[in-house]
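All values derive from a computational prediction rather than experimental measurement. First listed ligand is number 1; within each ligand, the first listed atom is number 1. All values below were derived from every heavy atom in this structure, side-chain atoms included, with hydrogens, water molecules and symmetry-related copies excluded.
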Amino acid sequence: MQHIYRSFNSKSIFHSSNLLKERLREIIPIKQALLRDIRKQYGQKEICKVTVDQAIGGMRNVFGLFYDISLLDSKTGITFRDYNIPEIQEYLQKAKNGNEPLPEALFWLLLTGDFPSDQEFKFVQEEWKRRGELDQETVKFITSLPKQLHPMTMLSQSVLYLQKNSTFQQAYESGKATKPQYWEYYYEDAMDLVAKIPRVAALIYRHKYKNGNLISSDNSLDWAANYSHMMGFDQFNAYELFRMYLSIHADHEGGNVSAHATHLVGSALADQYLSYSAGINGLAGPLHGLANQEVLKWLIEIREKLGDKVSNEKIQEYVLNTIREGRVVPGYGHAVLRYTDPRYIHQKNFAERLIKDDPLVELVKQCYHVIPPVLKTIGKIQNPWPNVDAHSGVLLNHYGLKEFEYYTVVFAVSRALGCTANLVWARAFGLPIERPGSITMRWIEEKFGENQSVK
Ligand code: CMX
């Protein structure tokens with residue numbers, strides 16, 4: 001417990017030996033100038049038209065957001081600063097004898113657009129260790145949360161509690177923060193929040209499911225392995241799973257609910273804690289991040305109802321029944337992607353490399369062959385292929401995390417990387433408060449109907 005209780009004395013936010021902030025100080029004026037040029041040259045160009053259907057239908061293919069740190073292509077999937085998942089696996093730092101990218105390195109990439117040198121990577125790692133401790137009041141707050149709450153609700157409340165540490169909120173309230181400095185406070189809050197979030201998440205897990213039997217952090221471990229350790233999973237391959245999982249879920253461009261909610265709330269100058277907690281609340285929806293818990297529930301349900309060895313025909317029937325009952329088949333489909341999610345493929349490769357003889361992993365593999373052809377027969381489904389959530393649950397389950405209600409928390413820990421990195425840039429670019437226009441049915445009728453009274 002010693003590590004968890006030790007509180008951290010924050011240094012001045014303008015402390016000079018801050019490698020990542022120094023790098024940002026170099027890049028930000030260059031990027032600001034680039035954005036000014038882009039606006040000057042292309043500001044009046046039209047990106048796309050918006051139809052009434054799109055306005056009503058969740059704004060699919062409406063490109064109305066600026067989000068510079070990652071991009072999603074409907075065919076090839078996510079790129080983080082232009083690098084896809086196999087590239088980040090190849091080029092980012094890994095643990096000794098490990099194969100998976102380390103989230104510390106990914107965070108540097110998301111913030112700067114560069115792969116970190118070993119020294120830069122080490123800097124992030126050490127900073128997160130230095131900033132990661134939780135004060136006693138925070139530990140008390142988390143371990144007093146009612147255990148019947150969903151772990152995502154607990155996470156959101158805990159992040160809101162941590163808001164007491166926001167350097168931006170304090171500086172803004174005292175009138176000290178000036179607009180050109182906003183990003184520096186957002187950077188400090190990002191580093192603190194990301195450093196602390198695995199401890200918060202692990203405390204929630206141990207409090208809710210393990211009788212409050214807490215495990216101290218081990219600062220000899222990297223950020224992801226330490227999270228796995230504080231949860232109680234100490235095999236090397238569990239560490240590898242956490243490193244992989246926390247890297248590939250970090251960001252998925254700006255339009256998904258968690259990234260967009262964080263970005264939107266941040267645009268009102270709500271600090272990192274308030275904004276990311278809004279993102280967590282969106283991630284907790286079953287059509288978004290909560291799908292990972294739903295997948296495992298659904299797979300276990302199949303095995304309970306149909307037995308250990310399920311035929312392809314029985315799975316097909318089960319899928320059709322799920323749809324007939326008005327439910328979605330969790331882990332399949334996507335609002336943007338039109339092929340198998342590369343994050344699914346990466347997890348599939350991980351399982352093939354490291355996991356033998358796990359019936360649930362085998363069932364996921366079988367579903368990959370059986371489900372898409374069935375979904376293709378349902379004309380309205382745009383994407384019959386698996387998304388990231390179709391695979392993650394069985395991997396966590398394999399290494400001992402059986403409480404599937406908790407799965408979205410692991411997703412949220414990863415999403416902290418992208419959500420907070422983006423907000424640093426949103427403030428560096430001085431992006432304004434978001435305020436899209438909205439329309440009513442009457443407006444539509446008056447605009448396009450016979451009288452056309454709306455201009
Ligand atoms: N099972 C059953 N029906 C599905 C479906 C699925 N897996 N995927 C899409 N559909 C249905 C939609 O519900 C919609 O039906 P209605 O018109 O009756 O409302 C229709 O097919 C058209 O949907 P779409 O255009 O293909 O997909 P959307 O962009 O509307 O929704 C998503 C995307 C992810 C919400 C949807 O595919 C879905 O509900 N999938 C299951 C839940 C899931 O896995 N979510 C996780 C996504 C990844 C993440 O964010 O973590």
Taking only non-hydrogen atoms of Arg60, do any sit less than 4.0 angstrom from ligand 1? yes
Identity of the nearest option to atom 38 (C) of ligand 1, non-hydrogen atoms only, from Tyr344, Trp385, Tyr332, Phe411: Tyr332
Contact bool for atom 32 (C) of ligand 1 (protein heavy atom, d < 4.0 Å): no
Pairs under 3.5 angstrom only: tabulate donor-acceptor contacts from the side chains of residues 316-335 to other protein residues two or more places apart or in another chain.
{"from": "Tyr318", "atom 1": "OH", "to": "Glu301", "atom 2": "OE2", "distance (Å)": "2.6"}
{"from": "Asn321", "atom 1": "OD1", "to": "Arg324", "atom 2": "NH1", "distance (Å)": "2.7"}
{"from": "Thr322", "atom 1": "OG1", "to": "Trp298", "atom 2": "NE1", "distance (Å)": "3.1"}
{"from": "Thr322", "atom 1": "OG1", "to": "Tyr318", "atom 2": "O", "distance (Å)": "2.8"}
{"from": "Glu325", "atom 1": "OE1", "to": "Arg327", "atom 2": "NH1", "distance (Å)": "2.9"}
{"from": "Arg327", "atom 1": "NH2", "to": "Glu301", "atom 2": "OE2", "distance (Å)": "3.4"}
{"from": "Tyr332", "atom 1": "OH", "to": "Cys367", "atom 2": "O", "distance (Å)": "3.4"}
{"from": "His334", "atom 1": "ND1", "to": "Val336", "atom 2": "N", "distance (Å)": "2.9"}
{"from": "His334", "atom 1": "ND1", "to": "Leu337", "atom 2": "N", "distance (Å)": "3.1"}

Check whether the side chains of Thr138 and Lys164 place a donor and an acceptor atom closer than 3.5 Å, and report yes or no. yes
Sub-4.0 Å protein heavy atom near atom 44 (O) of ligand 1: yes
Below 4.0 angstrom from a heavy atom of Ala291, which ligand 1 atoms are there? Numbered from 1 as shown, please. 43 (C), 44 (O), 45 (N), 46 (C)
Kindly identify the option in Asn387, Val295, Val374, Asp341 whose heavy atom sits closest to atom 47 (C) of ligand 1. Asn387
Among all protein heavy atoms, pick out the one at the shortest distance from atom 6 (C) of ligand 1; state its residue, atom name and that distance to 0.1 Å. Val329 N, 3.7 Å
Give the minimum heavy-atom separation between Gln272 and Ala190, together with the two atoms involved. NE2-CB, 3.6 Å
Kindly say whether the aromatic ring centers of Phe107 and Trp128 come within a distance under 6.0 Å. yes
Can you confirm whether the side chains of Asp189 and Tyr276 place a donor and an acceptor under 3.5 Å from each other? no
Note the single closest protein heavy atom to atom 21 (O) of ligand 1, along with its residue, its atom name and the distance in Å. Ile381 CG1, 3.5 Å
Is there a nitrogen or oxygen of Gly331 sitting under 3.5 Å from a nitrogen or oxygen of ligand 1? yes
Heteroatom proximity flag, Arg327 to ligand 1, N/O under 3.5 Å: no
Options Lys380, Gln382, Arg415, ranked by nearest heavy atom to atom 18 (O) of ligand 1, top entry: Lys380
Measure the distances from the heavy atoms of Asp389 to every atom of ligand 1 and state whether one is below 4.0 angstrom. yes
